[in-house]
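Following: one structure in structure tokens, then a few remarks.
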Amino acid sequence: MKIQFAPLNVPLRRRLQTAAVLQWVFSFLALAQFCLAAFVLLAVSDWWVAALLYAGWLWLDWDTPTSGGRRSHWVRRWSVWRYFRDYFPLELVKTVDLDPTQNYIFGFHPHGVLVAGAFGNFCTEATGFSSLFPGLRSHLLMLPFWFRVPFFRDYIMCGGLVSSSKSSLSHLLSRPEGGNVAVIAVGGAPEALDARPGALTLQVKNRKGFIKMALKHGAQLVPVFSFGENELFDQMENPTGSPLRRLQNRLQSILGIAMPLFHARGVFQYSFGLIPYRKPIHTVVGKPIPVTRSTCPTSEDIDGLHSVYLQNLMDLFEQNKNLYGLEEHQHLTFI
């Protein structure tokens, strides 16, 4: 395979952008393992008292990820996130104003491989979430497993990440004065296995748990589509029914996380690696869907609101696809 190396005269600005994305990929794929290893080494070293004190803190702080987390405006405004934004570049697009006295569920689509758009827009201030939506606080929901990893849990909570458990979502949506936004990658881990350039298939037909929670708390639903999310990585062919796909589905059912075999470019060459391609991402936040609170929603209530949500998501895509490089014949497919 011929390797295409990056030129030596790449501007420093672009080098810093690549470095910012490299640390993000490392954080997503390997930081948790390093944090766990560091805690174990600390526990068996002469500094075991520090590990013991942290373990006590962890026990006292165990419920924080399900109780709104612990955001840090300082971390969310780090300069590194601006370089991260400019690498793609990443843009957050507002279509309407949102009432800060309401609570919202943002349904984020598509999941992509590493959910770059959701992280950049809702876990940092690089694209100006707080300026675009004053009075609202965004929280990206993540698998509860990751909040059990020492040190790593504290770092990810700084960005506004919280547990994706029902109790966590209920805590966010029950805030009486409003102002909370729960961002859910609706397709979840299984959708990541189909994330590749050109993919427009969303796993959403049977995803109704977030609809039920919106009804129980009277939270408004907002469809969000991230144009370009699936263009960042290539992925090994894994059609439904193939041995690789069966293995991935099996591992996902056991571990709870998807394991897509993805690749893109490297740091100093463009031929292979785990750094995403420089492809623009435009994350469009749609209009809110009013929801009437129902403490015990029926199946008919859930199905009816789910149909309305899917129609609004389809409309959002159709109204914006030509603006962001898609052709008229390209449409979403719900499975």
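Every heavy atom of this structure was used, including side-chain atoms; hydrogens, water molecules and symmetry mates were not. Computed from a predicted model, the values in this text were never measured in an experiment.
Looking at E191 and L202, their side chains come closer than 4.5 Å, going by heavy atoms from C-beta outward. By the 4.5 Å heavy-atom criterion applied to side chains, N320 and F225 are not counted as neighbours. Counting heavy atoms from C-beta outward, L215 and I302 have side chains that approach closer than 4.5 Å. Residues L244 and E237 are not in side-chain contact: their nearest non-hydrogen atoms beyond the backbone lie 4.5 Å or more apart. Looking at heavy atoms from C-beta onward, L172 lies in side-chain contact with V162 at the 4.5 angstrom threshold. At a threshold of 4.5 Å between non-hydrogen side-chain atoms, the residues P280 and P89 count as touching. Between L141 and F210 the shortest side-chain heavy-atom distance does not fall below 4.5 Å. Here the side chains of L313 and F334 are in contact, with some heavy-atom distance below 4.5 Å.
Salt-bridge formation is detected for the pair R153/D61: a Lys NZ or Arg NE/NH1/NH2 atom is positioned less than 4.0 Å from an Asp or Glu carboxylate oxygen. Salt-bridge check for D194 with R245: passed, with a basic side-chain N closer than 4.0 Å to an acidic carboxylate O.
Enclosure of atom OH in Y83 is not indicated, since only 12 or fewer non-hydrogen atoms of other residues, nucleotides or ligands lie within 6.0 angstrom. Within a 6.0 Å sphere centred on NZ of K94, heavy atoms belonging to other residues, nucleotides or ligands number more than 12. Other residues, nucleotides and ligands contribute at most 12 non-hydrogen atoms within 6.0 Å of the NZ atom of K216. Around the CZ atom of F268, the shell of radius 6.0 Å holds no more than 12 heavy atoms that belong to other residues, nucleotides or ligands. In the displayed structure, K212 atom NZ is contacted under 6.0 Å by at most 12 heavy atoms of other residues, nucleotides or ligands. F34 CZ: 12 or fewer foreign heavy atoms inside a 6.0 Å radius.
Linking Ile, Leu, Val, Met, Phe, Trp and Tyr whenever their side-chain heavy atoms come within less than 4.5 Å puts L92 and W78 in one cluster. If you chain together hydrophobic residues whose side chains sit under 4.5 Å apart, W57 and W146 never meet in one group. Hydrophobic clustering of Ile, Leu, Val, Met, Phe, Trp and Tyr side chains at less than 4.5 Å, counting indirect connections, unites L305 with L169. F317 and F108 fall into different hydrophobic clusters, defined by Ile, Leu, Val, Met, Phe, Trp and Tyr side-chain heavy atoms under 4.5 Å apart, directly or through other members. A continuous path of Ile, Leu, Val, Met, Phe, Trp and Tyr side chains, each step under 4.5 Å between heavy atoms, connects L140 with I257, placing both in one hydrophobic cluster.
Not a single donor-acceptor pair under 3.5 Å links the side chain of R265 to the backbone N or O of I275. In this structure, the side chain of Y309 does not engage the main chain of I289 through any donor-acceptor pair within 3.5 Å. In this structure, E327 contributes its side chain and H329 its backbone to no donor-acceptor pair below 3.5 Å. Checked by atom type and distance alone, the side chain of S138 pairs as donor or acceptor with a backbone atom of F122 at under 3.5 Å. Here the side chain of E91 pairs no donor or acceptor atom with the backbone of T127 at under 3.5 angstrom. At least one donor-acceptor pair closer than 3.5 Å links the side chain of T124 to the backbone N or O of G120. Listed for the Q269 side chain is no donor-acceptor partner under 3.5 Å among the backbone atoms of I3.
For the 3.5 Å distance criterion, the side chains of T66 and D63 fail to qualify, holding no donor opposite an acceptor. Under the 3.5 Å distance criterion, with hydrogens and angles disregarded, no donor-acceptor pair is assigned to the side chains of R15 and T18. Side-chain atoms of T283 and N121 include a donor-acceptor pair closer than 3.5 Å.
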Take E229 and H109 through the side chain to side chain contact (heavy atoms under 4.5 Å, CB included) test and state the conclusion after the steps.
CA-CA 9 Å; E229 192 75 36; H109 310 270; over 6 Å; no

Pair F227-V93, side chain to side chain contact (heavy atoms under 4.5 Å, CB included): steps then yes or no:
CA-CA 11 Å; F227 292 90; V93 181; over 6 Å; no

Steps toward side chain to side chain contact (heavy atoms under 4.5 Å, CB included) verdict (M213, S170):
CA-CA 7 Å; M213 294 297 288; S170 293; 2.9 Å; yes

Assess whether ring pair (Phe, Tyr, Trp, His ring centres under 6.0 Å) is satisfied between F151 and Y54, documenting all intermediate values.
CA-CA 9 Å; F151 306 130; Y54 180 83; 4.5 Å; yes

Please determine whether salt bridge (Lys or Arg N to Asp or Glu O under 4.0 Å) holds for the pair K287 and D315, giving the CA-CA distance in whole Å, both sets of side-chain angles, and the decisive distance to 0.1 Å.
CA-CA 10 Å; K287 298 177 181 179; D315 292 343; over 6 Å; no

Would you check, one step at a time, whether the test side chain to side chain contact (heavy atoms under 4.5 Å, CB included) holds for V80 with Q23?
CA-CA 9 Å; V80 67; Q23 67 82 27; 3.9 Å; yes

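The OG atom of S271 lies 11.5 Å from the NE2 atom of H263; values are rounded to the nearest 0.5 Å. How far NE2 of H139 is from OG of S168: 9.0 Å, rounded to the nearest 0.5 Å. Here the CD1-CD1 distance, from I105 to I184, works out to 5.0 Å after rounding to the nearest 0.5 Å. Here the CZ atom belonging to R14 is positioned 8.5 Å from the OH atom belonging to Y87, to the nearest 0.5 angstrom. In this structure, the separation between CE on M157 and OG on S72 is 11.5 Å, given to the nearest 0.5 Å. Annotation: the span from L22 atom CG to L16 atom CG amounts to 12.0 Å, rounded to 0.5 Å.
Each of R82, R76, R137, R85 was checked for a salt bridge (Lys or Arg N to Asp or Glu O under 4.0 Å) with E125, and the lone residue meeting it is R76. When each of F88, F129, W81 is checked for a ring-ring contact (aromatic ring centres under 6.0 Å, His included) with F119, only W81 meets the rule. Across N103, T101, D97, a single residue satisfies side chain to side chain contact (heavy atoms under 4.5 Å, CB included) together with D99, and that is T101.
In terms of heavy-atom proximity, F147 sits nearest to M142 at CE1-O, 3.7 Å. Residue P190 comes nearest to R207 through the heavy atom pair CG-NH2, 3.4 Å, listed as atom of the first residue, atom of the second, then distance. Contact between A43 and W48 at its shortest, heavy atoms only, is O-CB, 3.2 Å. Listed here is the closest heavy atom pair of Q235 and P260: OE1-CB, 3.2 Å. When all heavy atoms of A258 and A189 are compared, the closest pair comes out as CB-O, 3.2 Å. Smallest separation of non-hydrogen atoms from S226 and I281: OG-CG2, 3.2 Å.
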